Engineer: 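Below you will find the structure I want to go over with you.
Just so it is clear, the values below take in all heavy atoms, side chains as well, and ignore hydrogens, waters and symmetry mates. Chain naming here is simple, since letters A, B, ... match the order of the sequence lines and numbering starts at 1 in each. Remember, it's a predicted structure, so these values are computed and weren't measured experimentally.
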Amino acid sequence: MPPPRWGDAPLWYARCMAKTIVQKIWDQHVVSQDEGAPAILAIDLHLIHEVTSPQAFTGLRTRGLKVRRPDKTVATADHSIPTTPRNLPIADEMAATQVKQLETNCNEFGIPLHGWESPNQGIVHVIGPELGLTQPGATIVCGDSHTATHGAFGALAFGIGTSEVEMVLATQCLLQRTPKTYLVRVDGKLQKGVSAKDIILALIARIGVGGGTGHVFEYAGEAIRALSMEERMTICNMSIEGGARAGLVAPDETTFAYLKGRPHAPQGAAWDEAVARWKQLPSDPGATYDKEIVIDANTLEPMVTYGTNPGMGLPISGSVPDPATESDPASARALTRALEYMDLTAGQSILNQPVNTVFIGSCTNGRISDLRIAAAVLKGKHVASGVRVMVVPGSADVKRQAEREGLDTIFRDAGADWREAGCSMCIAMNGDQLAPGEYAISTSNRNFEGRQGKGGRTFLASPLTAAATALNGRITDPRTLA
Amino acid sequence: MAAPKVERFSSALIPLPAENVDTDQIVPARYLKVVVKSGLADALFHDWRFNEDGTKKTPPFVLDDPRYARRGILVAGDNFGTGSSREHAPWALDAFGIKAVISTSFADIFKNNALKNGILPIVVDAALQVQLMDVARSGDAAQVSVDLASATLTTPSGTVVKFAIDPFAQKMLLGGLDELDFVRSKAADIEAHERAHPGTVNTTAPQAAQ
């Protein structure tokens with residue numbers, strides 16, 4: 001911002017007073033701040049799951065502390081649970097212990113649990129919005145880096161470690177430094193066959209996996225406004241893959257329409273008051289950001305990753321980059337290693353690359369609209385021979401809805417495996433995994449070495465691209481489907 | 001559970017010349033099925049260190065290379081710790097005896113988690129990173145010393161370099177102070193804020209039933 005001149009005073013003043021949505025939420029949640037210390041930030045919603053919470057509860061017991069606000073805490077089991085029928089016991093002894101431990105902890109500390117057999121069970125980032133717990137303007141945390149998903153509602157939501165989980169359990173607060181802000185403006189309109197997943201993969205390919213470090217993304221622009229809540233969740237979900245702990249979209253009528261009438265959303269007069277408050281949240285005109293980027297949605301193609309981090313992505317018609325043309329030696333080294341792991345050749349086309357497995361699910365793309373898109377592609381057809389296709393709904397509720405719509409039958413008839421809700425092959429903790437050397441196209445969020453099973457190789461893509469690929473057994477441009 | 005205390009230490013360097021080292025490499029997800037913090041030393045970089053049958057790789061990964069045995073400072077490529085929020089990553093580093101990681105940058109959540117476990121994420125510029133990586137890769141046992149009070153590291157050639165660290169984290173670690181105790185000491189502020197901002201989120205009862 002340039003220094004003020006006398007004649008500019010009103011404009012200068014307006015700019016100084018203009019706040020981003022992040023600053024507004026932040027200011028409303030600072031409890032206190034000692035000089036030189038981080039702010040003590042009040043947390044509105046704390047989501048708990050079985051994997052990153054046991055040691056935090058142990059910490060509480062050691063200290064003799066209670067959970068300060070069980071009414072702002074909710075738990076589910078998602079990461080390590082099997083996606084096989086729920087009437088079978090959990091075969092993995094360690095996973096069973098972890099799930100049992102979560103039940104014990106929630107009972108002892110009075111925390112509502114949508115457990116392993118609950119009708120509301122599901123991936124923590126799918127059930128929060130479903131239940132209406134995820135609300136605009138809230139601060140939301142979870143011991144999970146994909147907590148940014150909830151930012152789709154205009155909440156400041158981010159992942160925390162287990163020490164911080166213990167801190168929030170005990171105090172309903174966190175010690176936080178003010179984040180920097182990063183405006184991601186997506187102009188224009190998405191072309192047919194191009195989806196929210198492609199926007200976020202394109203952003204990360206552009207800025208790299210460390211591009212947003214220290215920042216909160218605010219996604220804005222015509223293309224973002226046009227997205228449904230579920231599509232906005234897909235984008236916010238992968239903020240961490242761009243290095244940003246949080247990413248959000250200002251709430252609007254789409255947000256309110258999604259939330260209204262959900263079990264934990266405010267009702268009646270409280271709803272009207274809440275909406276009036278939420279309407280004050282969007283960033284003020286003239287608010288400034290520490291960083292900005294503009295993406296043109298009109299020119300985006302379906303995206304696929306070729307490497308071992310989510311920043312290694314390309315338009316589906318593109319070819320795998322050549323380390324020899326990388327000017328930065330570190331990038332060249334990283335690319336060489338990635339191509340070696342993926343067993344891909346520099347310059348090769350990514351189209352028609354064979355896959356062994358197709359995974360449709362996860363907190364990125366395991367919602368009902370994702371399953372509808374995949375089912376529409378597979379309806380009346382059969383997946384390529386020898387290809388394993390796993391469809392894993394993001395929650396028990398998504399599963400029921402899909403079954404009401406007959407999507408499960410479409411998937412089964414097409415030769416796909418229809419499973420119970422959970423994180424499943426996104427993190428491969430529960431036995432759903434790739435064999436060494438296998439290739440998967442996956443609607444999840446990470447393609448790190450071994451992420452979907454030791455030695456497994458992952459191509460990240462949208463549900464539409466994944467479903468098209470399932471039909472051919474080779475990476476397929478969904479725009480070419482009849 | 002005592003808070004970690006860090007003042008100064010010195011060690012020769014272990015080279016890890018990879019960029020964007022992610023938390024799935026630091027601790028593969030299948031090791032997250034534990035309910036305690038201890039016992040993760042073998043999980044650390046497991047898939048880079050061990051064969052399918054559990055034997056160590058040949059040639060060994062740097063952590064198992066006798067030339068780098070009993071060293072406590074890793075020098076890594078850019079953006080170390082990208083990925084998940086798993087605190088198992090610093091728990092495993094700690095269990096293995098790593099006291100600091102030197103890189104040009106760290107992922108936000110990893111950095112937080114590391115500091116809470118007394119592991120220093122030390123940010124240096126690219127030139128110093130290259131220099132230290134060269135020293136480490138040469139197998140040179142020359143020591144780097146780290147002094148938290150002055151937030152400096154002394155390179156094998158004797159140059160003293162200042163590094164950035166959050167002053168609050170620095171104070172906590174130097175004093176062995178507990179962050180949770182600090183926040184609990186503000187209970188009156190927290191109560192006042194809660195009264196002023198009751199919020200509309202309630203996990204215990206659906207709003208319709210109230």
Side-chain angles (χ1 to χ4, degrees), chain A residues 28 31-32 36-38 40 42 44-45 51-52 54-55 59 62 70-74 80 94-95 97-98 101 112 133 135 138 143-145 159-163 166-167 170-171 173 175 209-210 213-214 243 245 263-267 270 274 309 330 334 427-429 446 448-451 454, chain B residues 1 17-20 22-25 28-30 32-37 47-48 52 77-79 82-88 90-91 105-109 112-113 116-117 166-168 171 179-180 182-184 186-187 189-190 192-194 197 199-208 210:
Chain A
Q28 286 164 12
V31 168
S32 64
I40 296 176
D44 293 317
L45 177 63
V51 170
T52 56
Q55 298 86 349
T62 308
D71 60 326
K72 300 211 177 275
T73 312
V74 69
S80 64
M94 288 185 83
T97 303
Q98 217 170 38
Q101 189 67 52
L133 288 166
Q135 296 172 15
D144 188 287
S145 59
I160 56 178
T162 299
S163 296
E166 184 180 339
M167 169 81 79
T171 66
C173 291
L175 284 165
V209 288
T213 302
R245 269 212 298 169
H264 291 265
Q267 313 278 336
N309 74 49
I427 189 164
M429 284 184 70
R446 290 192 174 135
F448 297 145
E449 288 181 27
R451 170 75 180 188
K454 189 174 177 178
Chain B
M1 201 171 323
E19 334 301 322
N20 303 312
D22 61 77
T23 52
D24 276 273
Q25 308 318 312
R30 60 188 185 280
L32 308 186
K33 287 183 271 192
V34 293
V35 292
V36 295
K37 297 181 182 181
D47 295 353
W48 287 356
E52 209 55 45
D78 306 340
N79 192 33
T82 186
S84 89
S85 66
R86 64 191 69 167
E87 201 161 318
H88 307 69
W91 295 339
S105 57
F106 292 88
D108 289 332
I109 308 180
N112 277 346
N113 286 341
K116 291 186 193 317
N117 288 276
D166 183 300
F168 182 79
K171 185 174 118 186
E179 291 190 353
L180 182 41
F182 170 78
V183 175
R184 289 185 66 225
K186 308 291 181 185
D189 294 342
I190 296 172
H193 190 273
E194 282 179 341
H197 302 83
T200 50
V201 175
N202 184 348
T203 59
T204 50
Q207 304 286 309
Q210 287 184 339

Engineer: Contact part of Asp189(B) toward chain A, heavy-atom cut-off under 4.5 Å: side chain, backbone, both or neither?
Structural biologist: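 Both parts, backbone and side chain.
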
Engineer: Would a distance-only check, ignoring hydrogens and angles, find a side-chain to backbone donor-acceptor pair under 3.5 Å from His193(B) to Gln28(A)?
Structural biologist: yes

Engineer: Would you say Asn309(A) and Asp22(B) make side-chain contact, with heavy atoms under 4.5 Å?
Structural biologist: no

Engineer: Chain B: which of Ala334(A), Gly214(A), Ala274(A) shares the most heavy-atom pairs with it under 4.5 Å?
Structural biologist: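 Among Ala334(A), Gly214(A), Ala274(A), the one with the most close pairs to chain B is Gly214(A).
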
Engineer: Using heavy-atom distances under 4.5 Å, tell me whether Val35(B) contacts chain A through its side chain, its backbone, both, or neither.
Structural biologist: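 Contact with chain A involves both backbone and side-chain atoms of Val35(B).
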
Engineer: With a 4.5 Å heavy-atom cut-off, do Asp47(B) and Glu449(A) have their side chains touching?
Structural biologist: no

Engineer: Which bit of Leu133(A) is near chain B, if near means a heavy-atom gap under 4.5 Å: side chain, backbone, both or neither?
Structural biologist: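 Its backbone and side chain both get close to chain B.
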
Engineer: Taking all non-hydrogen atoms of both residues into account, name the closest pair between Ser163(A) and Asn117(B) and its distance.
Structural biologist: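 Scanning both residues completely, I find the closest heavy atoms to be OG-ND2, 4.4 Å.
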
Engineer: Pick one of side chain, backbone, both or neither for Ser84(B), based on which atoms fall under 4.5 Å of a heavy atom in chain A.
Structural biologist: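 Looking at Ser84(B), backbone and side chain both touch chain A.
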
Engineer: For Gln98(A), which atoms come within 4.5 Å of any heavy atom of chain B: side chain, backbone, both, or neither?
Structural biologist: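 Gln98(A) touches chain B through backbone and side-chain heavy atoms alike.
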
Engineer: May I ask you to decide if Arg184(B)'s main-chain N or O and Thr171(A)'s side chain share a donor-acceptor pair within less than 3.5 Å?
Structural biologist: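 No; zero donor-acceptor contacts below 3.5 Å.
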
Engineer: Identify the two heavy atoms, one from Ala37(A) and one from Phe182(B), that lie closest to each other, and give their separation to 0.1 Å.
Structural biologist: CB-CZ, 4.4 Å

Engineer: Heavy-atom distance under 4.5 Å to chain A: side chain of Ala29(B), backbone, both or neither?
Structural biologist: both

Engineer: Using a 3.5 Å distance criterion without hydrogens, assess whether the side chain of Arg451(A) forms a donor-acceptor pair with backbone atoms of Asp24(B).
Structural biologist: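 Absent.
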
Engineer: Between Ile40(A) and chain B, which part of the residue has a heavy atom less than 4.5 Å away: side chain, backbone, both or neither?
Structural biologist: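 It is the side chain, since no backbone atom gets that close.
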
Engineer: Against chain B, label Ser80(A) side chain, backbone, both or neither, depending on which of its atoms sit under 4.5 Å from a heavy atom there.
Structural biologist: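 Looking at Ser80(A), just its side chain touches chain B.
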
Engineer: Taking Thr52(A) for the side chain and Arg86(B) for the main chain, is one N or O donor matched with an acceptor at less than 3.5 Å?
Structural biologist: no

Engineer: Looking at Ser85(B) and Ser145(A), what are the two nearest heavy atoms and their distance?
Structural biologist: OG-N, 3.6 Å

Engineer: Can you say whether Glu179(B) sits under 4.5 Å from chain A via the side chain, the backbone, both, or neither, judging by heavy atoms?
Structural biologist: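 Both backbone and side chain.
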
